[in-house]
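Down below is the structure, laid out as structure tokens.
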Amino acid sequence: MESKYLIEIAYVIASILFIFGLKGLSHPKSARNGMNLAAMGMLVAVVGTLLHHEIVSYTWIIVGLLVGSLIGSVMALKVSMNSLPQRQALSLAFGALAATLVGIAEYSRGDQLGAFKMTALGFEVLFGSLTIAGSVIAYAKLQELLRGTPITFKGQNIFNIALFAVTIGIFIYLIFAPENTILFYVMVGLAFLFGLLMVLPIGAADMPVVMSLMNSYAGLASAATGFALNNNVLIIAGTLDGFSGFILSILMCKAMNRSMTNVLFGAFGGASEEQQAIEGVQREVGVEDVAVQLAYARQVVIVPGYGLATAQAQHTVRELAEALEHRGVIVKYAIHPVAGRMPGHMNVLLAEANVPYSSLYELEQINSEMAATDVSVVIGANDVVNPDARDNPKSPIAGMPIIEVDKSKQVIVLKRGKGKGFSGIENPLFFKPNTGMLYGDAKASLAKLVQAVQQA
Amino acid sequence: MESKYLIEIAYVIASILFIFGLKGLSHPKSARNGMNLAAMGMLVAVVGTLLHHEIVSYTWIIVGLLVGSLIGSVMALKVSMNSLPQRQALSLAFGALAATLVGIAEYSRGDQLGAFKMTALGFEVLFGSLTIAGSVIAYAKLQELLRGTPITFKGQNIFNIALFAVTIGIFIYLIFAPENTILFYVMVGLAFLFGLLMVLPIGAADMPVVMSLMNSYAGLASAATGFALNNNVLIIAGTLDGFSGFILSILMCKAMNRSMTNVLFGAFGGASEEQQAIEGVQREVGVEDVAVQLAYARQVVIVPGYGLATAQAQHTVRELAEALEHRGVIVKYAIHPVAGRMPGHMNVLLAEANVPYSSLYELEQINSEMAATDVSVVIGANDVVNPDARDNPKSPIAGMPIIEVDKSKQVIVLKRGKGKGFSGIENPLFFKPNTGMLYGDAKASLAKLVQAVQQA
Amino acid sequence: MSVEMLISSLYVFALAAFLGYQIISRVPPLLHTPLMAATNAISGISLVGSLVTAGAQHSTFSTILGVIAVISATINVVGGFMITERMLKMFQDKLPEKNDSKEKEKRS
Amino acid sequence: MSVEMLISSLYVFALAAFLGYQIISRVPPLLHTPLMAATNAISGISLVGSLVTAGAQHSTFSTILGVIAVISATINVVGGFMITERMLKMFQDKLPEKNDSKEKEKRS
Ligand SMILES: NC(=O)c1ccc[n+]([C@@H]2O[C@H](COP(=O)([O-])OP(=O)(O)OC[C@H]3O[C@@H](n4cnc5c(N)ncnc54)[C@H](OP(=O)(O)O)[C@@H]3O)[C@@H](O)[C@H]2O)c1
Ligand SMILES: NC(=O)c1ccc[n+]([C@@H]2O[C@H](COP(=O)([O-])OP(=O)(O)OC[C@H]3O[C@@H](n4cnc5c(N)ncnc54)[C@H](OP(=O)(O)O)[C@@H]3O)[C@@H](O)[C@H]2O)c1
């Protein structure tokens, strides 16, 4: 009995520490401290749980904790900041795996599964198994093991709906007849299949939305478990998690002016065939010309995008900015909320390269300064600077807020060739008379620019 | 049994509605809706409670509800916005009375009072009775039934501490021996006496701090009751209340740069004898001159204070502002956080007079504009514009942030005579060469000014 | 009163404390007077205790105390909400135009 | 599972939901990536369930599942907190001077 109360108190403390931890994230200054508190909370919760009276042997627990910590820390230390989205997908998969396995183990014990507990358990394994499948696909797409564009087949949506209905049907049946073991595993399998089929037709860049949503559902499922087990720390952590995922996915959809339905079922990205080509030419420019333009500008705005991440060019871009600042040029970074492949992705990359975050500007802030900007440098960004989103109501990305580089006096675009952005549509910006294209891998082009600026 | 769950669900709903209600107050737009939700929550809680199985007769309950509603609504409709602080004190007293009486009734039932329940009950009656006494004194001081300045006697602090110690001693004894009825009532009486003696030596203008504190303790006491009765809605409402009072009192202390100890035990206000008189004269000015100055100014800043409330001049000040705006003068209102006798007091008064809240400016906002202001009009404010707070580190109000009217080109002060502000100290502002004094009741002076401006 | 219930009360208290801090610290100074009136009204939730006391007929003494408590708590609740409403109405009356113009200022 | 406990879970859920909304919506876009990593790490709290499963020795089957669950949950927790720390450190390293200067800008 005694140990039970100790556990409960450990959980109260853990909950409070989690909340403090997330509160810390409201400012970069307090964020690190906050996360230390949250980690401490996790430690308290784990240590508390070890007192649980059902635990009879610690051997396997310790093995599990050691192996997990080892793999986890190696992964955390080795992963490059450029592949954070992939890591996020993997981590989601691991979390879902743990939840699913615990759910299955709990089910296999089979003792007195009331309707209520079966419901919570069902949610847990359903979401869990769906999320494992979904996030593995997400990982594969982000890591480019799978084609990033939507993978579709005919009648897909109808098939998926049918699959979903069958799975839910089995779930409801199980609530009333929990003892039907085979159906239980069939349900887990179908949920897995549904996870695969749900994520395959979604484009790589939309993965963060899907991942956030899955995260949010996972949180709610764990809150449901908390209800079933009367475990408040699960309810609290699950709810916080659920809200975080939900809010982030909403924010991303807003930043793209697309509905959640369009993201999930629209097979968006890369597939628009009936597109008219834009008339005109892309004006190619040389490194020297660009260097001179930049060196004698008063204000330069740098717009990073997905290409910066793939080229791993964050350090080189900082060098360029420093070289310019050294000459008295004002350099600002414009961060679009969905630039890259994860919300806040660009911020982390630039922070890694030691760019002070006071020179990062959000969409609205920077757009009001565009007219006063001499040169905008677009580095591996495409959709987020596509003026069609603003001007052409028929464009697939119509209404998405953009960084209006076309309002600055000169625009320089760094990209490898004539590739399109995630949305798969042409960008009229590249055909404007005041836009110069500097072809080549972003990192290589930037390195050349740094040299040229230093010599200018 | 059934009815019990209905009650519980009513309380869950009420709690949620209370939270929505207070959240609404984060913006004037959503505030009214929010309060409607909160009121609905209260209704749900009351109706739910009526299902309580212990209730056998509704007669007296209905009588009580009717009488209370009648008195409450008459009071709410009749009270003038100028005497909001007094109303607040009264309302606090009523709340405390209810809590104390319930506590006493609960105690008098006498069945199985465990240590835990006795503790919660003890807190409830202690704070309750202290708060009744304290808020009645606060009411008397604000309503000027009692002298507003500190009422002190020799050895007061020591006597109070002794009284406090004895009361707490009895309380602790009672926790272990709850059956000692006489001691219980002695404790209630002593807490009442302590409440009286604690508030008497506090100046009238400091009452809001005291009231907020008492409010906060009352909230915590009711949360304690919630713990004892296992009633979550009490815990939630009590905690919200507790925090609100606490945060407000901290904010007020900050806005005066005084410690809580100084407010509670410093006998602050009106008593500083060893003050040097300021050399110089106060330059009196006439209505016509002021009217001309105002009429031809580019920007005028109005600084209202306690005198505006006592003179009930909020409507007249709006007329003046309108007359000026009609002539193209820019008029802004500068609201000091502790102007008047209640936080936010000036905002309510001006809102009553239909001043749009977009022309109300907070301290920091307006101070940066002072140098660009042609005329500041100080209406019944004194301490909040006293430059000594900034310049003279020995002043009793040193370090209190002020509205720096002395930085504007001209200052006009409307007051009745040579009276001092709440702090009881001289104000060097009135002796500056660019300050003109317009003596007389604020409302009368303003009415004359309106006429003169219209004719200028 | 079981320890389980105590612990779950503790959770409720801890969460309410965080929430209270978050919510209250977001109320602008403009609305501090309505805030004081509103929390006072909400604190009248202790009315529920007095209702039971007044209706339970344990003893004449406790019924009398209960009825007085009901009256004062109701004064507090009804009066509190009504005066808050009176104040907030004054703020809201001049909302539409002014607020828009302020927002426009920000955007431009 | 008594109805009392269910209701008190409901309170905890409602409060946590409000709090979650308040807290998360205050996280600046700058920190959205660390936020994702952090909530993922915190969601690893389901680790506590796997610990019990791995240690309870109900059956070999459930022990095996439990150990795999412990491993994956630990990867998630340890990895999540460490990578969050790595990211936040990058943000904090350049804090002192820059932040001050920004605040100064605001004030002037
Ligand atoms: N961040 C999120 O959270 C999120 C969420 C949902 C959706 N999305 C979507 O993701 C997209 C993000 O837009 P974005 O502007 O950042 O990227 P983008 O539109 O996908 O464009 C990336 C550009 O970078 C270029 N590029 C690729 N590798 C490069 C390299 N090594 N060097 C130089 N250039 C390179 C590509 O052109 P070349 O092939 O010619 O080089 C391409 O035009 C948007 O459509 C957005 O809606 C993002
Ligand atoms: N608001 C709060 O929440 C709060 C809380 C704690 C403490 N306080 C304290 O309260 C004080 C508030 O400062 P304040 O500047 O607003 O007021 P104040 O310093 O108390 O001064 C009020 C002035 O108004 C004048 N006055 C009074 N009746 C008048 C009438 N009918 N017509 C014209 N003038 C009249 C008085 O001078 P005459 O007698 O010459 O007319 C007096 O100088 C500060 O000391 C503050 O620290 C406020």
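Chain letters run A, B, ... following the sequence lines, proteins first, then strands; residues in each count from 1.
- Heavy-atom distances place the side chain of Glu362(A), and not its backbone, under 4.5 Å from chain D.
- Going from atom CH2 of Trp60(A) over to atom OG1 of Thr53(D) covers 15.5 Å, rounded to the nearest 0.5 Å.
- How far CE of Met346(A) is from OG1 of Thr33(D): 9.0 Å, rounded to the nearest 0.5 Å.
- Between Thr39(D) atom OG1 and Asp241(A) atom CG the span is 5.0 Å, to the nearest 0.5 Å.
- You'll find the side chain of Leu84(A) reaches within 4.5 Å of the side chain of Ile83(D), heavy atoms only.
- Under the 4.5 Å side-chain criterion, counting only non-hydrogen atoms from C-beta, His27(A) is not in contact with Pro28(D).
- For Val79(A), the parts lying near chain D are the backbone and the side chain together; criterion is any non-hydrogen pair under 4.5 Å.
- Considering only heavy atoms from C-beta on, Leu92(A) stays 4.5 Å or farther from Asn76(D) through its side chain.
- Atom CG of Leu30(D) and atom CD1 of Ile335(A) lie 9.0 Å apart (nearest 0.5 Å).
- For Phe246(A), no part lies under 4.5 angstrom from a heavy atom of chain D.
- With rounding to the nearest 0.5 angstrom, the CD1 atom of Ile23(D) is 9.5 Å from the CZ atom of Phe20(A).
- When atom types are taken as modelled, the side chain of Arg86(D) and the backbone of Ala76(A) share a donor-acceptor pair closer than 3.5 angstrom.
- Looking at Leu47(D), the atoms closer than 4.5 Å to chain A (heavy atoms on both sides) all sit in the side chain, from C-beta outward.
- For Ile19(A), the parts sitting under 4.5 Å from any heavy atom of chain D are the backbone and the side chain alike.
- Taken to the nearest 0.5 Å, the CG atom of Leu97(A) stands 4.0 Å off from the OG atom of Ser72(D).
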